[in-house]
Number of protein chains: 2
Amino acid sequence: MKEKLSRKDLQQLAETRATCLCHNLRRSSRAVTRLYDEAMAPAGLPANQMAILVGIALLDQPTISALAREMAMDPSTLSRNLRPLEQEGLLQIKTGIKQREKRLVVTAKGIRRIKRALPFWAKAQAKLTKRMQPDLQEEVLAALADLTSDAQTMAKRA
Amino acid sequence: MKEKLSRKDLQQLAETRATCLCHNLRRSSRAVTRLYDEAMAPAGLPANQMAILVGIALLDQPTISALAREMAMDPSTLSRNLRPLEQEGLLQIKTGIKQREKRLVVTAKGIRRIKRALPFWAKAQAKLTKRMQPDLQEEVLAALADLTSDAQTMAKRA
DNA sequence: AGGCCACGAGTGTATATACATCCATCCCTT
DNA sequence: AAGGGATGGATGTATATACACTCGTGGCCT
């Protein structure tokens, strides 16, 4: 009896999957990331790396933990994501006044790269949202922000 | 002149980043995935693996490509994602009638695992959407679906 | 001042993601 | 029937993601 899925089981699975925010977020994330990465390829800066660099520029010498929090990312993940950017000389990892923390800085080369990539970024953005109502876009962004903060609050590692 | 970001530059970067669907989708995706994974850990089936298994169950012996399309995932990605599930004996990869294609099947063990995980899945879902208006949730899901299909259409690999 | 705990970062390991490329198979057109 | 293009899958490589754990530092409390 346990090794078959009844019609009812299948229906519940279909329903749960169709309304699953996790699944649908991930799915959308993949498709949209591919589009942005493709659009930004000429600038040599994938979407995620752009987000990190800009995050550093906006936060003014953040620590790894601080930036990770802002990006809802695990610090260990961000720590590794910094490598390729550091290798390419787009950012610098400096020891802070408190020796245990590292301060992140965008280099001059990093700034040039950001400026080069910005138009491609904005263009991808515009292209994707062209047919979207502006207020719907705002609503979606607000909903994403709420989901992020709710999820973070509810998780054990809050 | 090129190695500094003016106030105006910073403002544009902040604006673009704040309204960037890619960045905000990825951010949300990370936070929400952590929540689901944590909730489903007792069942021994992370959210992404659950989505794959259920996808197979719902599509009735799909090929890898077919399931990848349905999940907006690159076939090579899905191909690798199947490994852990196959190792654990939750699914089987059979050669199809057309020798070049593989047919995916959920095993009896896989079905038991799905049934075990379903309540945790639904609970995480309910917990996250508790404070959300049902129509907002529907709107968000619809928007995600539209974004996914738009992004897929616009990408070169459409 | 000394000791304990919290915090920041890095590592080991496992999964997730995608592009480019290669190989096999299949289908279609001539 | 033969050849050529299309399709399905796997592999090499690089990045992305997170948990558990370890290490060093710094703040705090007595």
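So you know, we letter chains A, B, ... as the sequences are listed, proteins then strands, and number each from 1.
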Please set out all donor-acceptor pairs under 3.5 angstrom arising from side-chain atoms of residues 50-65 of chain B, sequence neighbours excluded.
from	atom 1	to	atom 2	distance (Å)
B:T63	OG1	B:A66	N	3.1

Touch class at under 4.0 angstrom, heavy-atom based, for B:S76 against every strand present: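 Base contact.
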
Touch class at under 4.0 angstrom, heavy-atom based, for A:T63 against every strand present: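 Sugar-phosphate contact only - A:T63 comes under 4.0 Å of backbone atoms but never of a base.
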
Ignoring hydrogens and angles, are the base of [N] and the side chain of [X] linked by a donor-acceptor pair under 3.5 Å?
X	N	answer
A:S79	C:dA9	no
A:R80	C:dG12	yes
B:T77	C:dA18	yes

Residues within residues 83-96 of chain A bordering DNA chain C, heavy-atom distance below 4.0 Å: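 Nucleic-acid contacts, sorted: none.
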
Close approaches to DNA chain C from residues 40-58 of chain B, in residue order (heavy atom, under 4.0 Å):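 Of all residues in residues 40-58 of chain B, the ones placing a heavy atom under 4.0 Å from DNA chain C are B:N48, B:Q49.
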
Rounded distance (Å) that lies between atom P of D:dA10 and atom NZ of B:K102: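 Rounded to the whole Å, the gap is 4 Å.
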
Check nucleotides 24-27 of chain C for protein N or O atoms closer than 3.5 Å to its own N or O atoms and list the pairs.
from	atom 1	to	atom 2	distance (Å)
C:dT25	O2	B:R100	NH1	2.7
C:dC26	OP1	B:Q99	N	2.7
C:dC26	O4'	B:R100	NH1	3.3

Sequence neighbours left out, cut at 3.5 Å: what donor-acceptor pairs do the side chains of residues 80-99 of chain A make with other protein atoms?
from	atom 1	to	atom 2	distance (Å)
A:E88	OE2	A:R113	NH2	3.0

Could you work out, with side chain to side chain donor-acceptor pair (under 3.5 Å) as the rule, every residue matching [X], not counting sequence neighbours?
X	value
B:S76	B:D74
B:E101	B:R103
B:T148	A:S28

5' precedence on DNA chain C between A:A31 and A:L82 (nearest-nucleotide basis):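 First, find each residue's nearest nucleotide; the 5'-ward one identifies A:L82.
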
Bending between helix ends of the helix from C:dA1-D:dT30 to C:dT30-D:dA1 [5 pairs per end, 10° resolution]: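 Taking five pairs per end, the axes differ by 20°.
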
Check: B:Q12 main-chain N/O paired with B:T16 side-chain donor or acceptor under 3.5 Å: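 Side chain of B:T16 to backbone of B:Q12: a pair is present.
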
Pairs involving residues 14-32 of chain B, ordered by first then second residue, that meet salt bridge (Lys or Arg N to Asp or Glu O under 4.0 Å) (sequence neighbours left out):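 Applying salt bridge (Lys or Arg N to Asp or Glu O under 4.0 Å) to every pair that reaches into residues 14-32 of chain B, excluding sequence neighbours, yields A:E70-B:R17.
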
Set of salt bridge (Lys or Arg N to Asp or Glu O under 4.0 Å) partners for B:D150, sequence neighbours left out: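 B:D150 satisfies salt bridge (Lys or Arg N to Asp or Glu O under 4.0 Å) with A:R131 once adjacent residues are dropped.
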
Contacts of A:D9 that satisfy salt bridge (Lys or Arg N to Asp or Glu O under 4.0 Å) - sequence neighbours left out: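 Only B:K115 meet the salt bridge (Lys or Arg N to Asp or Glu O under 4.0 Å) criterion with A:D9.
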
